[in-house]
*Asks:* 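Take this structure, written in structure tokens, and hold onto it; I'll ask about it next.
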Amino acid sequence: MASFDEILSKPSLFKNINILSPHYVPNILPFRDGQISEIMNLISPALKNQKPRNIFIYGKTGSGKTCTLKHIMHKFNVLNSKASMCYINCRIYNSRYRLMQKLLKQYDPSTDKSGFGLPFFYEKLIEFMNKGNHIIVVLDEIDMIKDLDELIYTLTRINDEVSLGSLTIIGISNRLSFKNELDPRSKSSLYENEIMFPPYSSLQLKHILEQRVSEGFSENAVESSAINLAAAITAQESGDARYALKLLSKAGELAEQSNKTFISDEDVELARKKVEIDLMQEALSGLPEHHQLVLYAIVRLSSSNAPRYSRLAEDNSFDGFFLSGEVYEQYSSLCTQLGKKSKTSRSFREYINDLEMLGFIVSKVSSKGMRGQATLIKLGHESQDLLKILEKIFS
Ligand SMILES: Nc1ncnc2c1ncn2[C@@H]1O[C@H](COP(=O)(O)OP(=O)(O)OP(=O)(O)O)[C@@H](O)[C@H]1O
Ligand SMILES: [Mg+2]
């Protein structure tokens, strides 16, 4: 009969599983020294009673934006000063109202009641800053805010109305095209400084993994070739450190399930497929609705046998690609079917760019043919995996 004593005394491959969690902020962040010192320099005026300029941070998923900013914030907020940094995840606080409420709550917990209006939050923030306080607000995943232009306008206007303190915005996003969606005034406010986080190389990932392995796994629990393989697979796919970490912890789980005493290449290979589906699900559910719908349209085209223009090509030049026009058609009819209003073809092109940048699709421009040049679009993943996830989202 199983006993808890027996379960607990079984040696584990993991020493501290929390260290492998994507939310853990390591004390040392290799390869981000440049970005860390640049950001520290840019925000340091707040410690000298001056207003820092706003910063916009851009980089692909898993390039360390969130953990870098949290790392800086921990260092900044222990200084005894009237300046403070405040982190807000805009995926959760995704409107001007919710965000202002959250921001104020950090400084005045008595305002954490419902029923207050936006002007109240605005006045209270001004009151707080007029006491000489400098706030640096980190808006992570800033592109998730629905009324972002209004928010930026409100936050920047606060500075015109205070005589002592200041409010500085650090916006973070992994969507490149997001910049073009802002109105010019918000754009110039937000982009006073721009900092780029490049994806990690295979060697860099190896180093990052080694550091986490020594803290998170038991001694000798991971073969060094397994670390190399995880780094190589990740670098080839995306350079996303989150993926590399997931790959290793999933490999650890699988190895443990089959009572192995260490993690080898084989476990990393097995983990790969499972991690891909997990991550795809996370990434998909985090996309704005119309991005999901456009992707759904492409997935439906890819998994159906319905006749389509691109099939009419006599040569094989389409090779799984669809004409952008037929994708748009499919997207519009999908919207109708689901009782949603489809967006313009201009927005559609933005969504296509974003989806490509996030690795969901591949696009190219066709060679000159009878129809002139057209954009061609193809899925970057197995349509069956995507279909299952999207069907669930829209069911
Ligand atoms: N330089 C680094 N050293 C150690 N760990 C890192 C480093 N960069 C990223 N990581 C780890 O990789 C994971 C992903 O990093 P993070 O969440 O900061 O990415 P991100 O750029 O914010 O991605 P997204 O755009 O998807 O939000 C985290 O677990 C983080 O601890
Ligand atoms: Mg992040």
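Counting starts at 1 for both ligands and their atoms, following the listed order.
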*Asks:* Nearest protein heavy-atom contact for atom 18 (O) of ligand 1: which residue, which atom, what distance?
*Replies:*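 Its nearest protein heavy-atom neighbour is Cys67 N, 2.8 Å.
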*Asks:* Within the supplied structure, the quantity of interest is the number of heavy atoms (other residues, nucleotides, ligands) at a distance under 6.0 Å from Lys105 NZ; does it exceed 12?
*Replies:*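 For Lys105, atom NZ is not crowded (no more than 12 foreign heavy atoms under 6.0 Å).
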*Asks:* Decide if atom NZ of Lys250 counts as having more than 12 heavy atoms of other residues, nucleotides or ligands within a radius under 6.0 Å.
*Replies:* yes
*Asks:* List the atom of Leu209, the atom of Ala230, and the distance in Å for their closest heavy-atom pair.
*Replies:*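 Heavy-atom minimum between the residues: CD1-CB, 3.9 Å.
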*Asks:* With a cut-off of 4.0 Å, which atoms of ligand 1 are near a heavy atom of Asn174?
*Replies:* 24 (P), 25 (O), 26 (O)
*Asks:* Heavy-atom count around Asn27 CG within 6.0 Å, excluding the residue itself: above 12?
*Replies:*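 Counting other residues, nucleotides and ligands, CG of Asn27 stays at 12 neighbours or fewer.
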*Asks:* In terms of residue, atom name and distance, what is the protein heavy atom nearest to atom 5 (N) of ligand 1?
*Replies:* Arg212 NH1, 3.1 Å
*Asks:* Short N/O distance, under 3.5 Å, between Ile208 and ligand 1?
*Replies:* no
*Asks:* Measure the distance from atom 26 (O) of ligand 1 to every protein heavy atom, then report the residue, atom name and distance (to 0.1 Å) of the closest one.
*Replies:*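 Atom 26 (O) of ligand 1 sits closest to the protein heavy atom Thr61 OG1, 2.4 Å.
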*Asks:* Would you call Lys274 and Glu253 a salt bridge, taking side-chain N to carboxylate O under 4.0 Å as the test?
*Replies:*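 Not counted as a salt bridge, because no side-chain N and carboxylate O are separated by less than 4.0 Å.
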*Asks:* Please name the residue in the list Lys51, His134, Arg53 that meets the side chain to side chain donor-acceptor pair (under 3.5 Å) test with Thr168.
*Replies:*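 Only one option passes, and that is Lys51.
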*Asks:* Output the distance between atom CG (Asn54) and atom CD1 (Ile43), rounded to the nearest 0.5 Å.
*Replies:*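 Here the rounded value is 12.5 Å.
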*Asks:* May I ask you to check if ligand 1 and Pro26 share an N or O to N or O distance below 3.5 Å?
*Replies:*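 No, Pro26 has no N/O under 3.5 Å of an N/O on ligand 1.
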*Asks:* Need the ligand 1 atom indices (1-based, order shown) with element for anything under 4.0 Å from a heavy-atom of Pro22.
*Replies:* 28 (C), 29 (O)
*Asks:* How far is atom 22 (O) of ligand 1 from its nearest protein heavy atom, and which residue and atom name does that atom have?
*Replies:*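 Minimum-distance protein heavy atom for atom 22 (O) of ligand 1 reads Thr66 OG1, 2.7 Å.
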*Asks:* With a cut-off of 4.0 Å, which atoms of ligand 1 are near a heavy atom of Ala241?
*Replies:*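 Near Ala241, the atoms of ligand 1 are 9 (C), 10 (N), 12 (O).
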*Asks:* More than 12 non-hydrogen atoms from neighbouring residues, nucleotides or ligands closer than 6.0 Å to NZ on Lys187, yes or no?
*Replies:* yes
*Asks:* Is the closest N or O pair between Leu245 and ligand 1 shorter than 3.5 Å?
*Replies:* no
*Asks:* Should Arg32 be counted as touching ligand 1, given the test is an N or O pair under 3.5 Å?
*Replies:*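 Not met; the criterion fails.
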*Asks:* What residue and heavy atom of the protein are closest to atom 23 (O) of ligand 1, and at what distance?
*Replies:*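 Of every protein heavy atom, Gly62 N, 2.8 Å lies nearest to atom 23 (O) of ligand 1.
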*Asks:* Say whether Tyr24 and ligand 1 are in contact under the criterion: heavy-atom distance to a ligand atom below 4.0 Å.
*Replies:*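 Yes, that is the case, since the closest heavy atom of the residue is under 4.0 Å from the ligand.
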*Asks:* Provide, to 0.1 Å, the distance between atom 17 (O) of ligand 1 and the closest protein heavy atom, together with that atom's residue and name.
*Replies:*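 Among all protein heavy atoms, the one nearest atom 17 (O) of ligand 1 is Arg242 NH2, 3.0 Å.
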*Asks:* Just to confirm my output: which protein heavy-atom neighbour is closest to atom 21 (O) of ligand 1, and how far is it?
*Replies:* Lys65 NZ, 2.7 Å
*Asks:* Is it true that the side chains of Thr68 and Gln35 contain a donor and an acceptor less than 3.5 Å apart?
*Replies:* no
*Asks:* I'd like to know whether ligand 1 has Tyr200 as a neighbour, heavy-atom separation below 4.0 Å.
*Replies:* yes
*Asks:* Would you indicate whether the side-chain heavy atoms of Leu125 and Ile135 approach each other to under 4.5 Å?
*Replies:*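 Answer yes - side chains close enough.
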*Asks:* Considering only non-hydrogen protein atoms, determine which one is nearest to atom 3 (N) of ligand 1 and report residue, atom name and distance to 0.1 Å.
*Replies:* Pro30 CD, 3.2 Å
*Asks:* Answer yes or no: does an N/O atom from His23 fall short of 3.5 Å to an N/O atom of ligand 1?
*Replies:* no
*Asks:* Tell me if the CD atom of Glu382 is crowded by more than 12 foreign heavy atoms within 6.0 Å.
*Replies:* no
*Asks:* Please tell me whether Glu256 and Ser12 have a donor and an acceptor in their side chains that are separated by less than 3.5 angstrom.
*Replies:*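 Distance-only check passes for Glu256 and Ser12.
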*Asks:* Is the Mg ion (ligand 2) under 2.8 Å from any N, O or S atom of Thr66?
*Replies:*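 Within the cut-off used here (under 2.8 Å), Thr66 does place an N, O or S atom near the Mg ion (ligand 2).
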*Asks:* Does an N or O from Thr68, backbone or side chain, lie closer than 3.5 Å to an N or O of ligand 1?
*Replies:*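 Such a contact does not occur with ligand 1.
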